[in-house]
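Here's the structure, in structure tokens; my notes come after.
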Amino acid sequence: MPDTANLTPAEPVHNGPVARVILAQRNYEAAIEHGDALLLVGAIRLARSVTLRPATGWTKATSGAADKEQPAGRTAAPDPASPEALSIAQALAGEDPTLQDLVYDIDAQLPLGRHATVTGAVRTRRRAE
């Protein structure tokens, strides 16, 4: 008789605001890489569902030591919630009226209720190709 798999139960997945920001960034990068307007619309909507707020009481080091520790070939990732991302989505929508409507809806969307808030230095990095 074959041995049965000894699997531990899966840990519950917590999809909090930080996880949403990271998922939005990954979807944004995939959408840009593949030229997928629908994936980009999803990334923008996901990123705009979270409010980023800088941490209070922190001071920024001016010595430049933090910049020297930064690995070579990495830059700050673009913001999926930015107006630039929306412009890219409009360009990718092209002449497709359905995609154009989705992009327009994002631009015209009013905030609904409270957004989740991320406080602190949420910063994603991407590797240079």
Side-chain angles (χ1 to χ4, degrees):
M1 179 158 103
D3 292 338
T4 58
N6 185 13
L7 301 176
T8 58
E11 293 293 322
V13 177
H14 300 287
N15 294 323
V18 173
R20 281 192 269 168
V21 170
I22 292 169
L23 181 59
Q25 183 62 46
R26 289 180 181 163
N27 286 346
Y28 175 88
E29 290 174 353
I32 297 300
E33 181 179 333
H34 299 292
D36 187 341
L38 192 56
L39 187 57
L40 183 56
V41 166
I44 293 169
R45 289 183 62 131
L46 193 57
R48 288 185 175 191
S49 72
V50 177
T51 302
L52 297 178
R53 186 175 55 143
T56 57
W58 291 25
T59 59
K60 184 175 181 179
T62 57
S63 66
D67 294 334
K68 292 178 184 176
E69 295 173 11
Q70 181 65 29
R74 292 191 175 214
T75 59
D79 180 12
S82 68
E84 291 81 15
L86 191 61
S87 296
I88 294 169
Q90 289 169 341
L92 288 176
E95 299 296 321
D96 187 338
T98 305
L99 289 176
Q100 288 176 348
D101 286 345
L102 286 173
V103 174
Y104 175 77
D105 286 346
I106 290 174
D107 197 23
Q109 213 171 43
L110 296 175
L112 301 172
R114 281 181 58 184
H115 282 196
T117 302
V118 175
T119 303
V122 175
R123 183 183 286 176
T124 57
R125 299 273 181 206
R126 66 180 172 145
R127 292 180 191 255
E129 297 298 325

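Numbering of residues begins at 1 and proceeds along the displayed sequence.
With sequence neighbours excluded, no residue forms a side chain to side chain donor-acceptor pair (under 3.5 Å) with Ser87. In terms of the side chain to side chain donor-acceptor pair (under 3.5 Å) criterion, residue partners of Glu84 (sequence neighbours excluded) are, by chain and number, Ser82.
Heavy atoms only, all atoms of each residue included: Ala37 and Ala93 are closest at CB-N, 4.1 Å. Nearest heavy-atom pair across Gln100 and Glu95 is NE2-CA, 3.7 Å. Among all heavy-atom pairs drawn from Ala85 and Pro80, the shortest one is CB-O, 3.4 Å.
Here Leu39 is tied to no hydrophobic group at all, with no ILVMFWY side chain closer than 4.5 Å. In this structure, Leu99 shares a hydrophobic cluster with Tyr28, Ile32, Leu38, Leu40, Val41, Ile44, Leu86, Ile88, Leu92, Leu102, Val103, Ile106, the cluster being traced through Ile, Leu, Val, Met, Phe, Trp and Tyr side chains under 4.5 angstrom apart.
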